Amino acid sequence: MTERYNPREIEAHWQAYWEREGLFRVIDDDTRPKYYVLEMFPYPSGRIHMGHVRNYTLGDVVARYKRALGFNVLHPMGWDAFGLPAENAARDQKVHPAKWTYGNIAAMRAELKRMGLSLDWSREIATCHPGYYQHQQALFLDFLKAGLAYRKESFVNWDPVDQTVLANEQVIEGRGWRSGAVVERRKLSQWFFKITAFADDLLATLSTLERWPERVRLMQENWIGRSEGMRLRFELAGWSETVEIFTTRHDTLFGASFLALSPNHPLTEKLAAADPGLAAFVAECNRIGTSEAAIEHAEKKGYDTGLKARHPLIEGRLLPVHVANFVLMDYGTGAIFGCPAHDQRDLDFARKYGLDVIPVVAPPGIDPATFAIADEAYVGEGTHINSGFIDGTSVAEGKERVAQRLEGAGRGKRETVFRLRDWGVSRQRYWGCPIPVVHCESCGIVPVPRDQLPVVLPEDVSFDQPGNPLERHPSWKHVPCPACKRPATRETDTFDTFVDSSWYFGRFCSPRTDEPVTRAAVDYWLPVDQYIGGIEHAILHLLYSRFFTRAMRVAGHVKLAEPFAGLFTQGMVCHESYQDQGGKWLYPEEVAHLQDGRVVHAESGRPVKVGRREVMSKSKKNVVAPSVIIDGYGADTARLFMLSDSPPERDLDWSDAGVKGAWRYLASLWRMMSEPKVTLPPAGHIIADGLDAPLLETRRLIHRTIAAVSSDLDRFHFNRAVARIRELTNGLEDLPFKSPGAGAVLREGLEIAVRLIGPMTPHIADALWQKLGHATSLVRVPWPKADPNLVAADTVTLAVQVNGKLRGTIVLPKAHDKAKAEAAAMAEPSVLRALEGKAVKKVIVVPGKIVNVVV
RNA sequence: GCGGGCGUGGUGGAAUGGUAGACACGCCAGACUUAGAAUCUGGUGACGCAAGUCGUGGGGGUUCAAGUCCCUUCGCCCGCACCA
């Protein structure tokens with residue numbers, strides 16, 4: 001009687017077995033080559049979603065595959081556990097953030113365990129645990145000492161209702177995302193990490209990250225935004241002050257027609273104090289907010305200060321000084337010179353305010369006498385005109401000469417500036433890692449001594465008022481100054497949660513030691529050989545981690561600069577969305593797809609509007625819960641579906657049909673092995689020589705599949721690997737069962753199929769492996785090796801073309817010469833038919849590939 | 001605007017310049033079933049009775065040979081965006 005495929009039973013059994021045997025517990029071991037595979041750790045929201053299932057399935061395939069290849073594999077899991085949602089839950093549900101977070105962790109851990117991931121749970125960490133964050137505090141002290149952490153005044157988005165700082169992405173159309181209050185630009189003292197200290201290195205080293213997606217490297221390159229130029233000093237007529245500007249186009253200096261200051265430039269502020277009109281203009285600019293989106297839509301506006309600047313190269317030429325809303329204080333010096341002929345922004349501004357437009361670069365092949373600028377600035381290469389001593393030079397040559405002249409005169413110097421800014425890490429929030437310093441009236445900022453770490457969050461806090469609970473806490477912040485022992489106050493800011501995730505990969509190497517990382521452990525395990533996660537972290541998380549690793553190297557914790565040798569960014573999981581007639585979003589399970597193609601509400605039968613496929617999100621309810629799929633079909637089916645069909649870097653459309661297809665395949669595998677069509681010899685049986693041709697062909701298929709799947713897994717082509725395995729099992733279904741030795745070949749094929757699919761669907765693979773008569777788990781079985789003699793076929797099929805069009809195929813021995821191939825091709829009836837009455841001009845023969853007859 | 005990616009059957013997707021559509025989903029027909037579900041067998045790019053012709057967004061080019069390389073154009077997606 002058929003034993004049915006019962007994933008529920010199988011999966012529970014093997015998960016318990018793996019855990020009991022401690023198969024995934026890893027020890028630091030120098031004898032085998034190491035392999036560190038890591039997926040981006042999750043935020044403990046309480047439930048896993050399909051994005052997690054995809055991410056962790058991909059990582060688990062890599063981990064299991066590398067383990068089978070003989071690597072000592074580190075594959076850990078942890079929790080990115082600090083952050084605002086816990087405080088929101090505390091406020092809304094009256095539950096303490098710690099309790100809420102640890103509860104969520106427990107729930108998600110249980111869900112993850114049901115996926116059958118080959119994780120070393122003994123290394124689990126949670127960033128909200130003092131055992132983790134005390135080391136982060138120690139690292140901060142190291143960075144402080146090394147000059148990589150500092151405090152400065154900076155503009156922030158301030159929500160006056162919630163009394164907190166908002167990140168740019170939390171400001172929507174100039175208002176706080178939750179309170180709806182108009183966000184203010186406020187100057188606050190904030191802690192910063194000096195990421196700009198490594199700007200050059202972070203940029204230059206990108207090109208060495210060969211196993212990173214090109215796209216991510218480009219995004220980081222743009223983000224760092226290096227540009228080479230000059231810092232120039234302009235004197236102001238009738239004033240003792242000077243204005244410094246930054247430019248990359250000092251060769252266009254002869255075309256300068258104005259200077260523009262940022263609304264937040266110190267000189268602007270000084271002038272505004274005496275000029276109400278300017279003060280109003282600055283206020284208007286600031287109201288727009290700091291969010292990039294707001295700036296984007298702002299039209300170019302300026303305010304003439306009445307000041308005149310002296311042109312540094314043209315005696316007697318004076319340039320008006322404006323304050324302009326498009327000049328950023330954070331970039332360069334916060335002031336520019338405008339050359340309207342060769343910069344579109346400057347041109348727009350000049351046209352609006354009636355300023356001169358002087359062309360100083362003539363495009364190649366254009367008569368300088370007739371060259372004029374209309375609505376478009378000319379930014380290309382060319383020859384300088386109207387430019388005094390650099391007339392006739394190229395852009396590069398002009399730059400060089402101007403730079404030499406101005407540097408010689410002490411009016412400027414060459415400089416490289418970056419778009420990248422130092423990383424502000426202060427957050428006025430409770431549920432984060434406390435920044436371990438004390439503010440003392442007499443000593444200033446005093447680091448908390450290391451023997452007093454960790455600075456632990458107080459537990460008795462309330463969330464019924466806006467603002468930072470640490471600030472309001474009656475006693476927590478009051479401590480004696482560590483230096484002078486007089487009353488002082490703790491820093492009440494906590495770290496941005498991106499800090500927590502910037503070094504967790506290092507902590508996993510020695511998760512329980514009483515130093516942040518142990519040298520021997522990180523020297524052995526780092527870098528992470530394969531990191532896997534979402535593209536949404538292409539910039540911030542990855543850049544911060546690269547910074548942290550460098551800073552930790554400065555502090556002597558690690559010896560390397562790049563934490564992630566290989567990076568894979570997976571696509572997202574998408575689903576159609578559904579809305580009823582009232583526009584209310586519906587969950588997929590509330591919707592019925594009728595035979596006639598109509599889509600209706602399952603209960604009411606009313607028509608449903610089907611939206612496009614997009615990323616699963618709670619707000620649109622186009623989500624499918626992993627637990628439901630695992631309950632219904634099992635983890636192996638969910639994993640197989642995640643890997644089939646779509647390449648992992650692309651978005652994946654969730655479909656019920658696809659899940660059913662994966663299920664059907666596993667069920668058929670089960671049947672193939674439960675009741676093989678021919679009796680199998682016992683495990684360990686050696687296949688005898690003298691198989692007939694079809695059986696030999698099957699063996700070739702088996703070994704070709706080993707080679708193909710191995711290469712597919714190496715290259716992250718999981719969808720192809722699945723297809724190859726299906727091809728193999730399709731082939732095994734058609735075996736000539738009556739031939740002598742069929743049972744032995746079938747055994748070989750089934751065993752290989754099970755071993756190849758093992759990394760993807762580990763539970764059923766172990767169950768079938770046992771069913772095939774083996775005592776041990778596949779986890780302990782090495783990856784199969786293809787027999788090279790069987791991979792190489794001894795006959796090949798050549799395509800035969802006439803004038804490039806396929807006319808037939810011929811089968812030849814693997815070793816054949818051109819003449820033989822040509823003769824065989826010429827004998828093909830279909831070729832003869834096509835050649836009838838035509839003269840053969842030449843014949844192209846590529847042995848083993850193709851014969852092309854040209855007429 | 002700048003940068004990057006992608007356009008292949010009804011659908012997801014395969015194809016070191018060398019037999020386009022592997023492997024699936026769906027669909028069609030048949031078998032088994034009281035029926036449905038499940039399962040099994042066969043078929044399935046388009047046109048054509050067939051021989052065959054046409055087919056990888058459009059146009060052009062290189063080549064004996066182009067989904068693949070080059071030019072051009074259209075469309076979609078993503079990232080960045082007043083960065084001086």
Side-chain angles (χ1 to χ4, degrees), chain A residues 2 4 213-227 229-230 245-250 252 260 262 292-293 295-300 324-328 330-339 342-346 348-349 379 417-421 535-536 538-539 571 613 641 644-647 649-653 655-665 667-668 671 708 717 719-730 733 797-810 830 833-834 841-846 848-855:
Chain A
T2 314
R4 278 187 50 117
E214 182 64 25
R215 186 157 72 120
V216 174
R217 288 189 282 171
L218 271 164
M219 282 163 75
Q220 292 215 354
E221 198 177 311
N222 292 337
W223 186 264
I224 295 168
R226 182 179 198 272
S227 50
M230 280 198 88
I245 62 97
F246 176 77
T247 180
T248 56
R249 288 304 302 275
H250 34 287
T252 64
S262 164
E292 314 247 21
I295 293 169
E296 180 187 344
H297 298 296
E299 121 187 60
K300 288 190 181 44
N325 65 345
F326 67 90
V327 181
L328 306 173
D330 295 320
Y331 191 76
T333 61
I336 61 160
F337 84 79
C339 177
H342 304 291
D343 184 292
Q344 192 60 44
R345 296 155 299 174
D346 297 348
D348 294 344
F349 191 78
V379 296
V417 306
F418 293 89
R419 198 190 89 105
L420 180 70
R421 298 166 207 170
I535 186 72
E536 66 273 20
I539 298 179
R613 293 177 198 284
F641 171 67
S644 313
D645 299 347
S646 287
E649 69 277 9
R650 269 193 238 173
D651 286 352
L652 172 113
D653 284 325
S655 81
D656 219 40
V659 179
K660 287 205 170 77
W663 159 268
R664 261 205 303 275
Y665 180 66
S668 77
R671 266 197 312 278
H717 292 170
N719 56 323
R720 281 191 3 170
V722 173
R724 297 283 164 254
I725 296 169
R726 294 181 91 131
E727 255 175 333
L728 170 60
T729 52
N730 286 351
E733 301 266 20
T797 306
L798 279 74
V800 182
Q801 299 178 336
V802 175
N803 278 352
K805 276 182 189 165
L806 183 71
R807 293 295 165 181
T809 57
I810 51 175
S830 57
R833 218 179 305 133
K841 279 195 201 141
K842 70 172 160 174
V843 180
I844 313 277
V845 181
V846 182
K849 296 265 186 196
I850 203 160
V851 179
N852 190 7
V853 183
V854 185
V855 294

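Reckoned from all heavy atoms, side chains included, excluding hydrogens, waters and symmetry mates. Quick caveat: nothing in here was measured; it's all calculated off a predicted structure.
Checked against B:G18, B:A84, B:C25, the side chain of A:Ala657 finds its nearest nucleotide in B:C25. Among the nucleotides B:A22, B:G12, B:G26, the one closest to any side-chain atom of A:Asp645 is B:G12. For A:Thr248, taking side-chain heavy atoms from C-beta onward, the closest of the listed nucleotides B:A24, B:C40, B:A84 is B:A84. The nucleotide whose nearest atom lies closest to any side-chain atom of A:Arg807 is, among B:G13, B:G52, B:U19, B:G52. Distances from the side chain of A:Ile844 to the nucleotides B:A22, B:G18, B:C40 place B:G18 closest. Checking B:C64, B:A84, B:C25 against every side-chain atom of A:Val327, the shortest atom distance belongs to B:A84. The nucleotide whose nearest atom lies closest to any side-chain atom of A:Arg650 is, among B:C23, B:A84, B:A14, B:A14. For A:Arg671, the listed nucleotide lying nearest its side chain is B:C40; candidates were B:A24, B:G12, B:C40. Listed nucleotides B:A65, B:C78, B:A84 differ in distance to A:Asn852; the shortest reach to its side chain belongs to B:A65. With B:G79, B:C23, B:A14 as the choices, the nucleotide that has an atom nearest any side-chain atom of A:Met219 turns out to be B:G79.
Look at the P atom in both B:C6 and B:C71: the space between them is 15 Å, to the nearest Å. Distance noted for atom P between B:C40 and B:G55: 38 Å (whole Å). Taking atom C1' on both B:C25 and B:G43, the two are 16 Å apart, rounded to the nearest angstrom. Taking atom C1' on both B:G57 and B:G79, the two are 24 Å apart, rounded to the nearest angstrom. Annotation: B:G67 and B:A20 have their C1' atoms spaced 8 Å apart (nearest Å). Spacing of C1' atoms, B:A66 relative to B:G59, comes out at 15 Å, to the nearest Å. Annotation: B:U73 and B:G21 have their C1' atoms spaced 26 Å apart (nearest Å). The separation of B:A81 from B:A65, taken at their C1' atoms, amounts to 44 Å, rounded to a whole angstrom.
Side-chain atoms of A:Asn803 come within 3.5 Å of backbone N or O of A:Val855 as a donor-acceptor pair. Of the possible donor and acceptor atoms, one in the side chain of A:Ser262 sits under 3.5 Å from a partner among the backbone N and O of A:Val327.
The two residues A:Ser655 and A:Phe641 make their nearest non-hydrogen contact at N-CZ, 3.6 Å. Summarising the geometry of A:Val379 relative to A:Arg249, their closest heavy-atom pair is O-NH1, 3.9 Å, with the distance given to 0.1 Å. What you find for A:Val802 and A:Arg807 is that their closest heavy atoms are CG2-CG, 3.6 Å. For A:Thr809 against A:Ala799, the heavy-atom pair with the smallest separation is CG2-CA, 4.4 Å. The nearest pair of heavy atoms linking A:Asp645 to A:Asn719 is O-ND2, 3.3 Å.
In this entry the distance linking OH of A:Tyr665 with P of B:C40 reads 12 Å, nearest Å. Atom CZ of A:Phe418 is separated from atom P of B:A84 by 12 Å (rounded to the nearest Å). A:Leu806 has its CG atom 11 Å from the P atom of B:G52, to the nearest Å. Distance, A:Arg215 CZ to B:G3 C1': 12 Å, rounded to whole Å. In this structure, A:Lys660 atom NZ and B:A24 atom P are separated by 19 Å, rounded to whole Å. In this structure, NE2 of A:His250 is placed 13 Å from P of B:A84, rounded to the nearest angstrom. Here B:C77 presents its P atom at 20 Å from CG of A:Leu652, a figure rounded to the nearest Å. The interatomic distance linking A:Asn325 (CG) with B:A84 (C1') rounds to 14 Å, in whole Å.
A:Val846 comes within 4.0 angstrom of a base, heavy atoms only. A:Asn730 comes within 4.0 angstrom of sugar-phosphate atoms only, judged by non-hydrogen atoms across all strands, and of no base. Within 4.0 Å of A:Glu727, counting heavy atoms only, lie sugar-phosphate atoms of the nucleic acid but no base atom. Counting non-hydrogen atoms under 4.0 angstrom, A:Thr809 reaches a base of the nucleic acid.
B:G9 adopts a syn glycosidic conformation, its chi angle falling within 90° of 0.
Summarising the base pairing, B:C40 is matched to B:G30 through a Watson-Crick or G-U wobble pair whose two defining distances lie under 3.5 Å. Checking B:U19 for Watson-Crick or G-U wobble geometry (two distances, each under 3.5 Å) identifies no partner in any strand. With a cut-off of 3.5 Å on both Watson-Crick or G-U wobble distances, the partner of B:U63 is given as none. Of all nucleotides present, only B:G79 satisfies the Watson-Crick or G-U wobble test against B:C2, with each distance under 3.5 Å. Nucleotide B:C47 forms a Watson-Crick or G-U wobble pair with B:G52, both donor-acceptor distances falling under 3.5 Å.
One finds a side-chain N or O of A:Arg419 lying less than 4.0 angstrom from the OP1 or OP2 phosphate oxygen of B:A81. For the OP1/OP2 pair of B:C54 and a distance below 4.0 Å, the side-chain nitrogens and oxygens of A:Lys805 include at least one atom meeting the criterion. Using a 4.0 Å cut-off, no side-chain N or O of A:Arg217 falls inside it from OP1 or OP2 of B:G3. A sub-4.0 Å separation between OP1 or OP2 of B:U11 and a side-chain N or O of A:Ser655 is absent. Using a 4.0 Å cut-off, some side-chain N or O of A:Asn719 falls inside it from OP1 or OP2 of B:A14.
A donor N or O paired with an acceptor N or O is found under 3.5 Å between the base of B:C82 and the side-chain atoms of A:Lys300.
A:Asp330 has a carboxylate O that lies under 4.0 Å from a charged side-chain N of A:Arg421, or vice versa, which qualifies the two as a salt bridge.
No side-chain donor-acceptor contact under 3.5 Å links A:Tyr665 and A:Ser644.
Place A:Asp343 and A:Val722 on RNA chain B by their nearest nucleotides, and A:Val722 ends up nearer the 5' end. Remark on RNA chain B: of its neighbouring residues A:Ser227 and A:Ile850, the 5'-side contact belongs to A:Ile850, judged by nearest-heavy-atom nucleotide.
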